[in-house]
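The next block holds one structure in the form of C-alpha cells; read it before the comments.
Order of listing sets the numbers, starting from 1, for every ligand and every atom in it.
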Amino acid sequence: MTRLSVVLGDLTTQQVDAVVNAANSELLGGGGVDGAIHAAGGRVIYDECLELRRTTWRHGLPTGEAVVTTAGALPAQWVIHTVGPRYGRHAGMEAALLAACHRSSLDLAWGVGARTVAFPAISCGVYGYPPEEAAPIAVGAVQAYVDEHPRAFEEVRFVLVSEPLWALFSDAVARSDRHGTVE
Ligand code: APR
C-alpha cells in the first residue's frame, strides 16, 4: 500500500527518488520552489530543460503537463517539472488542471521507476491558488492515482514550507481513505 505523507520542510533536501517542481511554461527557472530546485540542483537541470524547449516543447510546456530531467546535485535522482494553473486564469478549469499536474507527474515518475515522490504545494505561491482549495484537490488526485496503481509507489510525500500549509495538507490526507502519516 502506498504511504501518503505530509512533512514540513524544503523540497530540495528530500531523500526521495523524484521531486516535483512547480515550474512555468518556459521551463527555464524562476522563483519559489522552481528557483530553489535550480539553485540547489545546478546547471545540468537548466541545460536539460533548455534541450526540451529546443526539441519536444518548442512553444513551452502547457499547464497540467510534465517533463522529467536529472536532479543534478539534489538528493533526488529526477526532477519532474510540471506547470500548475494560475488561479482564476483558466475559465474555471483550475481544479481539473491542478489535478492533471499531479497525474502527469506521477505518470512520469512511474515511467522512470521512481518509488518515492515528493510534491510541493503546486500553484499555492506565485500562481495564487488558495491552499485551502488546492490541498484537497492535490491529495485527492494523488490518492486516486495510487488507488488505481497500488504497486507503483512506496511513498508519495507533500513537502510544505509553513505550518498552516502543513495543517491543510495533513487534514486532506487524514480525510482521504488512506492511512497517511503526518510528521
Ligand atoms: N520547498 C518546498 N516548498 C517550497 C519551496 C521549497 N524549497 N520554496 C517555495 N515553496 C512553496 C511555496 O511557499 C508555495 O507554497 O511552494 C509552493 C508553490 O509556490 P511557487 O514556488 O511560487 O509555485 P507556483 O505557485 O506554482 O508558481 C509557479 O512561480 O516560482 C515561480 O518559476 C515559477 O513561474 C513559476 C511560478
Side-chain angles (χ1 to χ4, degrees), residues 4-43 45-50 52-53 57 59-67 69 71-76 78-90 93-106 109 116-139 141-142 155-173 182-183:
L4 266 58
S5 57
V6 184
V7 303
L8 193 57
D10 178 346
L11 192 72
T12 65
T13 63
Q14 299 300 307
Q15 304 285 337
V16 292
D17 295 335
V19 293
V20 179
N21 181 23
N24 55 52
S25 292
E26 300 304 308
L27 279 180
L28 300 178
V33 73
D34 194 8
I37 283 176
H38 280 274
R43 173 83 197 204
I45 298 176
Y46 176 87
D47 289 343
E48 286 194 18
C49 287
L50 188 59
L52 285 165
R53 284 297 318 276
W57 296 104
H59 303 291
L61 186 65
T63 300
E65 298 281 349
V67 294
T69 68
L74 295 179
W78 296 282
V79 177
I80 292 163
H81 308 262
T82 192
V83 182
R86 294 169 187 262
Y87 194 67
R89 305 278 294 274
H90 298 272
M93 293 299 293
E94 291 84 1
L97 286 166
L98 185 59
C101 284
H102 291 80
R103 283 197 305 276
S104 305
S105 298
L106 291 176
T116 54
V117 185
F119 282 92
I122 294 170
S123 289
C124 292
V126 168
Y127 282 1
Y129 217 115
E132 60 277 10
E133 288 183 38
I137 293 165
V139 171
V142 169
E155 180 189 3
V156 179
R157 184 181 304 178
F158 291 96
V159 182
L160 294 320
V161 290
S162 73
E163 292 271 352
L165 276 173
W166 176 86
L168 285 167
F169 278 77
S170 302
D171 183 53
V173 168
V182 167
E183 291 164 21

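Given atom 32 (O) of ligand 1, the protein heavy atom at minimum distance is D34 OD2, 2.8 Å. Regarding atom 26 (O) of ligand 1, its nearest protein heavy-atom neighbour is S123 N, 2.9 Å. The shortest contact between atom 1 (N) of ligand 1 and any protein heavy atom is with L11 N, 2.9 Å. Annotation: atom 21 (O) of ligand 1 to nearest protein heavy atom, V33 N, 2.8 Å. In terms of protein heavy-atom proximity, atom 34 (O) of ligand 1 is closest to N24 ND2, 3.1 Å. Taking atom 30 (O) of ligand 1 as the reference point, the nearest protein heavy-atom neighbour is G31 O, 2.6 Å. Among protein heavy atoms, the minimum distance from atom 22 (O) of ligand 1 is reached at V126 N, 2.9 Å.
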Task: From CA spacing to verdict: side-chain contact (heavy atoms from CB on, under 4.5 Å), T12, V19 - done: CA-CA 8 Å; T12 65; V19 293; over 6 Å; no
TODO: Show your reasoning for whether side-chain contact (heavy atoms from CB on, under 4.5 Å) applies to E48 and V79.
DONE: CA-CA 11 Å; E48 286 194 18; V79 177; over 6 Å; no
- [ ] Kindly determine whether I45 and H81 satisfy side-chain contact (heavy atoms from CB on, under 4.5 Å), including the steps that lead there.
- [x] CA-CA 10 Å; I45 298 176; H81 308 262; 3.6 Å; yes
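F119 pairs with exactly one of V156, I80, N21 by the side chain to side chain contact (heavy atoms under 4.5 Å, CB included) rule, that one being V156.
Across every non-hydrogen atom of R53 and H59, the tightest pair is NH2-C, 3.9 Å. Closest approach of G30 to D34, counting heavy atoms only: N-OD2, 3.4 Å. P131 approaches P136 most closely through the heavy-atom pair O-CD, 4.4 Å.
Heavy-atom proximity to G30, at under 4.0 Å, picks out these atoms of ligand 1: 32 (O). Close approach of ligand 1 to D10 (heavy-atom distance below 4.0 Å) involves ligand atoms 1 (N), 6 (C), 7 (N). Of all atoms in ligand 1, listed by their number and element, those nearer than 4.0 Å to a heavy atom of G32 are 8 (N), 9 (C), 21 (O), 30 (O). Close contacts of ligand 1 with A36, meaning ligand atoms under 4.0 Å from a residue heavy atom, involve 7 (N).
Judged purely by atom type and a 3.5 angstrom limit, T116 has no side-chain atom pairing as donor or acceptor with the backbone of E155. Looking only at distances, a side-chain donor or acceptor of T82 sits under 3.5 Å from a matching main-chain atom of E65. Side chain of E94 to backbone of Y87: no donor-acceptor contact under 3.5 angstrom is found. Formation of a donor-acceptor pair under 3.5 Å by the T63 side chain with backbone atoms of P85 is not found in this model. Between the N24 side chain and the L27 main chain, a donor and an acceptor come within less than 3.5 Å of each other.
At least one N or O atom of Y127, backbone or side chain, sits closer than 3.5 Å to an N or O atom of ligand 1. Residue A121 has no N or O atom closer than 3.5 Å to an N or O atom of ligand 1. Of the polar atoms of I122, none of the N or O atoms is found under 3.5 Å from an N or O of ligand 1, judged by distance alone.
With a 4.0 Å cut-off on non-hydrogen atoms, A22 touches ligand 1 through its backbone as well as its side chain. By the criterion of a heavy-atom distance under 4.0 Å, the side chain of L165, and not its backbone, is placed next to ligand 1. Residue V161 touches ligand 1 through its side chain alone, judged by heavy-atom distances below 4.0 Å.
The closest approach between C124 and ligand 1 falls below 4.0 Å for a heavy atom of the residue.
In this comparison of A134, G128, G125, the heavy atom closest to atom 25 (O) of ligand 1 sits on G125.
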